[in-house]
2 protein chains.
Amino acid sequence: MSFEPLHGLSTPELVAQRIREALLDGTLRPGDRLIEADIAAELGVSRGPVREGIRLLGAEGLVVLRRNRGAVITSPTFEDVLEVYILRLSLGLLALNHAMQLDVASAPEFADVELLLARLRDPEVQEDPLLMMEADLHFQSALFDLCGLSRITAVLDQTARDIPVFVKVLGITYDDVDHAALIERHQRLIEAVRTRHRADADHAWREHVRCTVGEFARGYPDAQVEGIFDLPLMHHVYDHHEYQG
Amino acid sequence: MSFEPLHGLSTPELVAQRIREALLDGTLRPGDRLIEADIAAELGVSRGPVREGIRLLGAEGLVVLRRNRGAVITSPTFEDVLEVYILRLSLGLLALNHAMQLDVASAPEFADVELLLARLRDPEVQEDPLLMMEADLHFQSALFDLCGLSRITAVLDQTARDIPVFVKVLGITYDDVDHAALIERHQRLIEAVRTRHRADADHAWREHVRCTVGEFARGYPDAQVEGIFDLPLMHHVYDHHEYQG
DNA sequence: CCCGTACAGATTGTCAACAATCTGCAATAG
DNA sequence: CTATTGCAGATTGTTGACAATCTGTACGGG
């Protein structure tokens, strides 16, 4: 047996999903307005759920909401992508560290994480860059969930939903990514978490973010990455122990 | 002249605000259900705006939403408070660091931050612990806003809204806080940002969070703070430069 | 006596109509 | 000719009614 939960998504979530898809296939583009009535008519529902769905996207930062003036698709810049990755770098390290303070290797969820990593090896997934990116983010999300800090994982998940849209909308090319290297990094990451080797986990996650952003920057015309990751995240510059007591 | 913006809050925001206030004065308590129709009747509006307001609180983590089953006030634990402060510690450091990479001392907003700090010295504010806490968080919010990273400040602001409610609901006592010391720390923090002395800013913010949490832990019966801030945030344990290149 | 089912009340989800607000354009005054 | 004002259309905000779903209780079979 083992059934899927019956209704996966509520109507507003479905609406939000549809709009995200429209962004990914280019039907909707930055600057476009979202008219509640039009979307409602198109999807065959009333304005209520559509309104809620749009608010969901607003909270996510995918659309800008202005009172009495409706919703407009955001026009993200490469700096937005950088901000998202700064968030993911920092909160990812928090999540990993806290996960390793628990006995996470023996948790049943840990097996799921490994399953999701295996999916990245599927040639069919590797075929489609978007699919690959989504599978990658899905893996990362499951890994971070192990820490059990719901606010932190909520923020991480939010950024994860933004990434594919931003990449698409900004026209970032990421076709020539080295899948083998990516999987190798993730393998090291997961192994570090299992054995609770914090230095390795820290290293692997930093490296992954650095590589991903570097890859994006390569495919993107005018990227200004310096001063973001190289000029350190500040907490790292100065020795932590200086501040004890 | 110079008028205030005419309508400050939308109806849903007003509803959310009212519910927060009800939590702060004890009218609403953890585990209580929020019935849309009841609240609507009480506030003299229809269910629509009330529904939206409740969703706002849901996104904030103040209520738990379950499909078709309504909203229930969360029953936070002290660990929730710790998670919030871990987030604030980490993201605060990011925000400060990025603010100092800009020429922030000459920005007009910087003067506002100093004004908000001055408010903490007002004896009338110091009288009321809740007022003091809100003024403090307001100051911090303005300070972090200087970094110009909207996603990061959005998360910080969200946690700031949670804190007073969590403290009240958990029955945390914080009456005997040393106001002078708090202001002194903030003064050092603001000075460090102005002079772009990153080590000092880093130190001051860490210390503030550590003191605040320590204060809460003192007034709270069974607090388990160890292993959260002392077992480091991970990024700090290992030298950053080890990973360069 | 225990378990599963059927119902009734309560509550959320959805809808379509109405009111309030905004935007752009045209008319008007200076 | 430029700037302000007033309007019409478009769109969001709000409302009350209706539909779908959930919760708890009472009933009936085992």
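Chain identifiers are assigned alphabetically (A, B, ...) following the order of the sequence lines, protein sequences preceding nucleic acid strands; residue numbering begins at 1 within each chain.
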[N] phosphate, OP1 or OP2: any side-chain N/O from [X] under 4.0 angstrom?
| X | N | value |
| --- | --- | --- |
| B/Arg69 | D/dT23 | yes |
| A/Arg55 | D/dG13 | yes |
| B/Ser10 | D/dG13 | no |
| A/Ser46 | C/dT14 | no |
| A/Arg67 | D/dG13 | no |

Which part of the nucleic acid does A/Gly70 contact within heavy-atom distance under 4.0 Å: base, sugar-phosphate only, or nothing?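 Here A/Gly70 touches the backbone only, sparing every base.
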
Indicate, with a heavy-atom threshold strictly under 4.0 Å, whether B/Leu34 touches base, sugar-phosphate, or nothing.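 Sugar-phosphate, backbone atoms only, no base.
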
Hey, are the side chains of A/Asp162 and A/Glu60 touching, using non-hydrogen atoms and a 4.5 Å cut-off?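 A side-chain contact under 4.5 Å exists here.
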
Is A/Lys168 close to A/Leu23 at the side-chain level, that is, under 4.5 Å between some pair of heavy atoms?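 No, side chains not in contact.
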
Can a donor-acceptor pair be found between the side chains of A/Asp136 and A/Gln140 at a distance below 3.5 Å?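 Checked: A/Asp136/A/Gln140 side chains pair up, N/O donor to acceptor below 3.5 Å.
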
Residue closer to the 5' end of DNA chain C, A/Glu52 versus A/Arg66 (nearest nucleotide):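 It is A/Glu52, whose closest nucleotide lies nearer the 5' terminus.
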
Return the 5'-most residue of the pair A/Arg33, A/Pro12 with respect to DNA chain C, ranking by each residue's nearest nucleotide.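 Nearest nucleotide further toward 5': that of A/Pro12.
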
Value in whole Å for how far the [atom2] atom of [N] lies from [atom1] of [X]:
| X | N | atom1 | atom2 | result |
| --- | --- | --- | --- | --- |
| A/Leu9 | C/dG13 | CG | P | 14 Å |
| B/Asn68 | C/dA10 | CG | P | 18 Å |
| A/Arg51 | C/dA16 | CZ | P | 17 Å |
| B/Leu65 | C/dT11 | CG | C1' | 14 Å |
| A/Arg47 | D/dA10 | CZ | P | 15 Å |

The side chain of B/Thr11 lies closest to which of these nucleotides: D/dT14, D/dT15, D/dG13?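 In terms of side-chain proximity for B/Thr11, the closest of D/dT14, D/dT15, D/dG13 is D/dT14.
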
Relative to the ring of A/Phe216, is the ring of A/Tyr174 parallel (under 30°), tilted (30 to 60°) or perpendicular (over 60°)?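 The rings of A/Tyr174 and A/Phe216 stand perpendicular, inter-plane angle above 60°.
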
Using 30° and 60° as the class limits, which term best fits the ring planes of B/Phe144 and B/Trp205: parallel, tilted or perpendicular?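 Aromatic pair B/Phe144/B/Trp205 classed perpendicular.
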
